[in-house]
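All remarks here apply to the structure that follows.
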Amino acid sequence: MNFGKALEEAKNGRLIAREGWNGKNMFVFMRPGDYAAPSVAVNFKSLPESVKKWLHSYKLENGDNQIYFTPYLCLKAADNSIVNGWNASQTDMMAEDWFVFEKNYEVFY
């Protein structure tokens, strides 16, 4: 499938991948948008201290009591790391070899 169709699948919660990545178990997924109160967001480990300082002094306007974190794409890379904010290359966007990545995974809790 093309990238546009694959992107729609990711928006619907599916994992997407390219045929060329198949042997590396790489895939792309979408982190959905989410709201958080500034008092909660200051505890996010992923935010730098400078943003946390801003959040501490943030004055909410218009009755808003939450900050919106926008959705973004992530890549599960070949080394099993998660790349936040993955961007498709020109080659990825023009490719016709996208597919829904479906694999049976054992779940460990």
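What you see is a predicted model, and the numbers here were worked out from it, not measured in a lab.
The two atoms that bring Cys74 and Ile82 nearest to each other are CB-CG2, 3.9 Å, heavy atoms only. Contact detail for Met26 and Ala78: the closest heavy-atom pair is CG-N, 3.5 Å. In terms of heavy-atom proximity, Tyr72 sits nearest to Gly85 at CD1-N, 3.5 Å. Between Asp97 and Gly20, the shortest heavy-atom contact is OD2-N, 3.7 Å.
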Let me have the donor-acceptor pairs involving side chains of residues 37-46, under 3.5 Å, with sequence neighbours excluded, atom names and distances please.
none

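No side-chain heavy atom of Arg14 sits under 4.5 Å from any side-chain heavy atom of Met30.
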Worksheet item: Taking it one step at a time, do Lys5 and Glu8 satisfy salt bridge (Lys or Arg N to Asp or Glu O under 4.0 Å)?
Response: CA-CA 5 Å; Lys5 291 178 184 172; Glu8 287 302 315; over 6 Å; no
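Checked against side-chain contact (heavy atoms from CB on, under 4.5 Å), Leu7 has the following partners two or more places apart in sequence or in another chain: Phe3, Lys11, Leu73. Considering only residues two or more places apart in sequence or on other chains, Tyr35 meets the side-chain hydrogen bond (donor to acceptor under 3.5 Å, both in side chains) condition with none of them. Remark: Phe29 engages no residue in a ring-ring contact (aromatic ring centres under 6.0 Å, His included) (not counting sequence neighbours).
Listed by first then second residue, pairs satisfying side chain to side chain donor-acceptor pair (under 3.5 Å) with a partner in residues 78-93 read Arg18-Asp92, Lys76-Asn80, Asp79-Ser81, Ser89-Asp92, not counting sequence neighbours. Each salt bridge (charged side-chain N to carboxylate O under 4.0 Å, His left out) pair with one or both residues in residues 31-40, not counting sequence neighbours, would appear here, but there are none.
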